[in-house]
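Start at 1 and go down the list; that is how both ligands and their atoms are numbered.
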Amino acid sequence: MSTPAYDAGRLALMLNELRLPTIARLWPEFAQRSDKEGWQATRLLGALLEHELAERAKRRIERHRAESHLDPTKTLATFDFSMVPMVSKAHVMALATGDAWLEKGATVLLFGPPGAGKSHLGSAIGHALIDAGYRVMFTRTSELVQKLQAARQSLQLPSALAKLDRFDLIILDDLSYARKDQAETSVLFELIAERYERHSLLITANQPFSGWNDVFPDPGMTVAAIDRLVHHSTIFEMNVESYRRRTASDKQNSRRRQSSSDNHKEGATNMAE
Ligand code: ADP
Ligand code: MG
């Protein structure tokens with residue numbers, strides 16, 4: 001004699017109350033298979049819970065990606081390492097797993113002229129870390145400085161900085177564009193000091209440290225900021241010509257080659273006539 005079935009409507013209500021949308025969606029099909037194939041009760045329960053957990057992890061990563069403000073097209077898959085031979089792909093791949101360097105709040109610094117691929121490489125590392133379960137925020141440095149200054153004006157700076165603690169990594173893009181007038185209130189220094197040895201930063205800048213005097217209010221603060229940033233850091237100097245310029249001139253060259261070989265062909269046909 002079989003036991004009476006549980007009321008499906010009540011099951012749906014309880015799954016909703018417990019916020020288990022995946023189980024709510026899958027259980028009818030799973031229960032049917034389980035009844036037909038005579039699964040053990042533990043197998044049915046285990047299968048449903050595993051699906052709920054997997055979907056939950058997927059949704060969490062999607063949320064992290066949405067909050068990160070990362071450009072979805074700038075990933076490791078679209079980054080051509082052959083363009084920056086001085087950057088070790090193996091080293092970048094190791095950073096992209098997170099782990100040790102994020103745990104000690106270390107810094108990654110990407111230096112190079114405009115168009116060298118700094119923002120792309122920084123974003124690519126950010127995406128990989130999100131895939132690995134970390135939380136990342138990408139921002140132009142000047143934009144974040146503006147927000148933090150507004151927070152300071154309304155006496156909210158400590159709580160604004162504390163809110164940023166939820167990110168395992170903050171990518172500060174174009175640090176050397178944050179100008180002194182902006183930095184007057186030194187919020188950038190406070191961000192660096194606040195995260196030091198606790199949470200990581202990845203910084204891109206057109207100028208290496210020697211050009212950072214304009215970024216902080218006074219030389220003492222510049223030295224103190226750099227000191228903290230380099231303490232646990234990886235530095236990539238991407239001294240290559242602009243990617244856009246190189247790919248544009250590659251295209252031009254191949255067009256030139258193409259048209260000269262077309263001329264050749266025409267020449268050949270002409271001669272054959
Ligand atoms: P930077 O931040 O150094 O000024 P970007 O990362 O913005 O340079 O790169 C400029 C453009 O060239 C972007 O569209 C970027 O995707 C592309 N780019 C740069 N370097 C590479 C590379 N190595 N592989 C693929 N695309 C690249
Ligand atoms: Mg850039």
Side-chain angles (χ1 to χ4, degrees), residues 65-98 101 106-131 134 136-148 164 167 169-180 182-183 187-188 191-192 195 200-216 225-226 229-230 233-255:
R65 183 121 33 223
E67 75 180 359
S68 73
H69 299 288
L70 282 166
D71 179 334
T73 66
K74 309 297 180 195
T75 62
L76 285 171
T78 58
F79 190 76
D80 180 357
F81 280 90
S82 72
M83 290 286 177
V84 277
M86 67 288 276
V87 172
S88 150
K89 182 173 179 181
H91 197 163
V92 170
M93 291 317 210
L95 290 173
T97 63
W101 74 282
T107 309
V108 172
L109 295 149
L110 306 180
F111 295 140
K118 305 179 297 296
S119 299
H120 189 146
L121 185 58
S123 303
I125 292 172
H127 276 296
L129 292 175
I130 288 177
D131 291 334
Y134 292 101
V136 175
M137 181 182 83
F138 180 98
T139 176
R140 282 225 299 278
T141 308
S142 55
E143 219 167 278
L144 183 63
V145 163
Q146 251 166 41
K147 280 188 197 146
L148 292 177
L164 294 175
F167 295 108
L169 177 70
I170 296 180
I171 301 176
L172 294 176
D173 197 32
D174 279 328
L175 181 107
S176 34
Y177 285 163
R179 293 265 74 95
K180 214 177 218 159
Q182 267 211 330
V187 288
L188 185 58
L191 174 70
I192 291 167
R195 288 183 75 85
S200 289
L201 292 169
L202 184 154
I203 292 173
T204 80
N206 290 336
Q207 288 176 306
F209 302 122
S210 54
W212 284 22
N213 273 320
D214 287 345
V215 177
F216 298 95
I226 292 171
L229 291 176
V230 297
S233 69
T234 302
I235 300 177
F236 292 108
E237 304 240 20
M238 301 166 71
N239 288 318
V240 290
E241 210 201 323
S242 159
Y243 178 84
R244 281 179 290 250
R245 210 173 312 141
R246 279 192 293 168
T247 47
S249 66
D250 281 355
K251 269 186 212 141
Q252 237 169 37
N253 286 343
S254 70
R255 230 178 283 140

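Ser233 places no side-chain N or O within donor-acceptor distance of the main-chain N or O of Ile235, the cut-off being under 3.5 Å. Side-chain N or O atoms of Ser200 include one that pairs as donor or acceptor with a backbone N or O of Ala106 at under 3.5 Å.
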With side-chain hydrogen bond (donor to acceptor under 3.5 Å, both in side chains) as the criterion, how do Ser176 and Asn206 come out once you've worked through the C-alpha distance, each side chain's angles and the decisive distance to 0.1 Å? CA-CA 6 Å; Ser176 34; Asn206 290 336; 4.9 Å; no
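Proximity of Thr139 to His69: side-chain heavy atoms (C-beta onward) are nowhere separated by under 4.5 Å.
In this view, Asp131 and Arg65 satisfy the salt bridge (charged side-chain N to carboxylate O under 4.0 Å, His left out) rule, not counting sequence neighbours. When the salt bridge (charged side-chain N to carboxylate O under 4.0 Å, His left out) test is applied to Glu241, the partners found at least two apart in sequence or on another chain are Arg245.
Of the residues listed (Thr78, Thr73, Asp71), the one engaging His120 in a side-chain hydrogen bond (donor to acceptor under 3.5 Å, both in side chains) is Thr78, and it is the only one.
With a cut-off of 2.8 Å, the protein N/O/S atoms near the Mg ion (ligand 2) add up to 1.
Of all heavy-atom pairs spanning Val84 and Ala116, the tightest one is CG1-O, 4.0 Å.
By the 30° and 60° cut-offs, the orientation of the rings of Phe216 relative to Trp212 is tilted.
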Give me the pairs of N or O atoms, one from ligand 1 and one from the protein, that sit under 3.5 Å apart.
| residue | atom | partner | partner atom | Å |
| --- | --- | --- | --- | --- |
| ligand 1 | 2 (O) | Ser119 | N | 2.9 |
| ligand 1 | 2 (O) | Ser119 | OG | 2.8 |
| ligand 1 | 3 (O) | Ala116 | N | 3.1 |
| ligand 1 | 3 (O) | Gly117 | N | 3.0 |
| ligand 1 | 3 (O) | Lys118 | N | 2.9 |
| ligand 1 | 3 (O) | Lys118 | NZ | 2.7 |
| ligand 1 | 4 (O) | Gly115 | N | 2.7 |
| ligand 1 | 6 (O) | Ser119 | N | 3.3 |
| ligand 1 | 6 (O) | His120 | N | 2.8 |
| ligand 1 | 8 (O) | Gly117 | N | 3.1 |
| ligand 1 | 14 (O) | Lys74 | NZ | 3.0 |
| ligand 1 | 16 (O) | Lys74 | NZ | 2.9 |
| ligand 1 | 16 (O) | His120 | ND1 | 2.7 |
| ligand 1 | 23 (N) | Asp80 | O | 2.9 |
| ligand 1 | 24 (N) | Asp80 | N | 2.8 |

